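What follows is one structure encoded as structure tokens, with my remarks underneath.
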Amino acid sequence: AQTVTQSQPEMSVQEAETVTLSCTYDTSESDYYLFWYKQPPSRQMILVIRQEAYKQQNATENRFSVNFQKAAKSFSLKISDSQLGDAAMYFCAWYNQAGTALIFGKGTTLSVSS
Amino acid sequence: GAVVSQHPSRVICKSGTSVKIECRSLDFQATTMFWYRQFPKQSLMLMATSNEGSKATYEQGVEKDKFLINHASLTLSTLTVTSAHPEDSSFYICSARQAGREKLFFGSGTQLSVL
């Protein structure tokens, strides 16, 4: 069975600084997707960034980037120039190629201080 | 963009009653719907996966007779919590997969409180 592990229950960062959230996963499949989702207090799930496993190039979305290490099954999220609005719970998720399984990690609560 | 409408957003019910939660894809066909429950400050725990026109696949430990999932059309999936008890109080959220694509769209969630 697939598992997603986020080993940092809580992280904190100062405004304008950079923070990295860790995620590891376990799967026997070769093709899949990985996501980082943000869940603010409203609890609406917001897609931050996605990575296709077959792509070697790391995905980037403005201030958000990932370090995808397929062999190590690692998928960390880097947030640059942190803003107060980045404070939220962040979930790493694994999604299979067939679109039949979407598994979340336990989440990391990120706080941002001014 | 694609939207998943989830209703109700909040429901309070008495113990022993049944509650139905709807997730409707407004402008796309959803071949697969994932149903999750989330306790405060915890992760989304997958309850079941439903595909249009077929029976839902439940995760281990989830009572299928208690959490009835119906996915009768490509735009509507429902979760019915039967004979709800206080321990069923939780945040329930759906996620729809668009037909033919890997894109996923989340509902806004339902906070269920059972008295």
Side-chain angles (χ1 to χ4, degrees), chain A residues 1-11 21-25 27 29 31-55 59 61 87-111, chain B residues 1-6 8-10 23 25 28-52 54-61 71 74 77 90-112:
Chain A
Q2 281 65 228
T3 57
V4 178
T5 302
Q6 292 179 250
S7 58
Q8 306 155 315
E10 298 179 347
M11 292 285 283
L21 308 184
S22 301
C23 173
T24 58
Y25 59 95
T27 182
E29 300 189 24
D31 289 326
Y32 47 87
Y33 301 91
L34 294 164
F35 303 120
W36 277 98
Y37 281 95
K38 171 184 178 181
Q39 189 182 43
S42 68
R43 294 192 287 190
Q44 179 68 53
M45 297 294 284
I46 301 167
L47 178 64
V48 174
I49 200 165
R50 64 193 291 262
Q51 174 82 43
E52 291 92 339
Y54 65 86
K55 288 186 178 178
E61 283 288 341
M89 198 154 185
Y90 286 81
F91 293 101
C92 177
W94 178 94
Y95 183 45
N96 67 349
Q97 183 79 5
T100 56
L102 176 62
I103 309 298
F104 287 88
K106 290 186 181 242
T108 297
T109 300
L110 177 67
S111 55
Chain B
V3 173
V4 174
S5 175
Q6 183 171 347
S9 59
R10 182 178 295 272
C23 274
S25 54
F28 68 96
Q29 294 183 328
T31 50
T32 302
M33 191 74 76
F34 301 100
W35 286 94
Y36 297 87
R37 68 184 296 181
Q38 184 181 29
F39 293 108
K41 298 191 178 183
Q42 293 189 26
S43 186
L44 281 73
M45 300 303 298
L46 181 63
M47 299 175 66
T49 304
S50 72
N51 294 293
E52 184 267 336
S54 61
K55 290 184 178 180
T57 301
Y58 289 81
E59 294 298 302
Q60 193 172 11
H71 195 161
L74 284 170
S77 179
S90 187
F91 186 69
Y92 294 87
I93 190 166
C94 63
S95 176
R97 173 179 170 248
Q98 188 173 4
R101 306 184 68 178
E102 81 284 358
K103 284 189 176 247
L104 296 162
F105 303 95
F106 282 84
S108 52
T110 297
Q111 178 62 51
L112 170 63

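Note that the coordinates shown come from a computational prediction; the quantities given were computed from them, not determined experimentally. Residue numbers start from 1 in every chain, and the chains themselves are labelled A, B, ... in the order their sequence lines are given, proteins ahead of strands.
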*asked:* If you count heavy-atom pairs within less than 4.5 Å of chain B, which of Ile46(A), Thr100(A), Thr109(A) leads?
replied: Thr100(A)
*Sequence neighbours left out, what passes ring pair (Phe, Tyr, Trp, His ring centres under 6.0 Å) with Tyr37(A)? Give chain and number order.*
Phe35(A), Phe104(A), Phe106(B)
Measure the shortest side-chain to side-chain distance between [X] and [Y] over non-hydrogen atoms and say whether it is less than 4.5 angstrom.
X        : Y        : answer
Gln38(B) : Gln39(A) : yes
Cys23(B) : Met33(B) : yes
Gln2(A)  : Glu29(A) : yes
Tyr92(B) : Met47(B) : yes

_List the residues meeting salt bridge (charged side-chain N to carboxylate O under 4.0 Å, His left out) with Glu52(A), not counting sequence neighbours, and say none if there are none._
Arg50(A), Lys55(A)
_Toward chain B: residues of residues 89-97 of chain A with heavy atoms under 4.5 Å_ = Met89(A), Phe91(A), Tyr95(A)
*Atom group of Ser108(B) that falls short of 4.5 Å from chain A, counting heavy atoms*: both
*Got a sec, which residues hit side-chain hydrogen bond (donor to acceptor under 3.5 Å, both in side chains) with Gln6(A), two or more places apart in sequence or on another chain?*
Thr108(A)
*Distance-only, no hydrogens or angles: does the Ser25(B) side chain make a donor-acceptor pair with backbone N or O of Val4(B) under 3.5 Å?*
no
_Choice from Leu46(B), Leu104(B), Thr31(B), Ile93(B) maximising heavy atom contacts with chain A below 4.5 Å_ = Leu104(B)
_Largest heavy-atom contact set with chain A, pairs under 4.5 Å, which of Thr57(B), Asn51(B), Leu44(B)_ = Leu44(B)
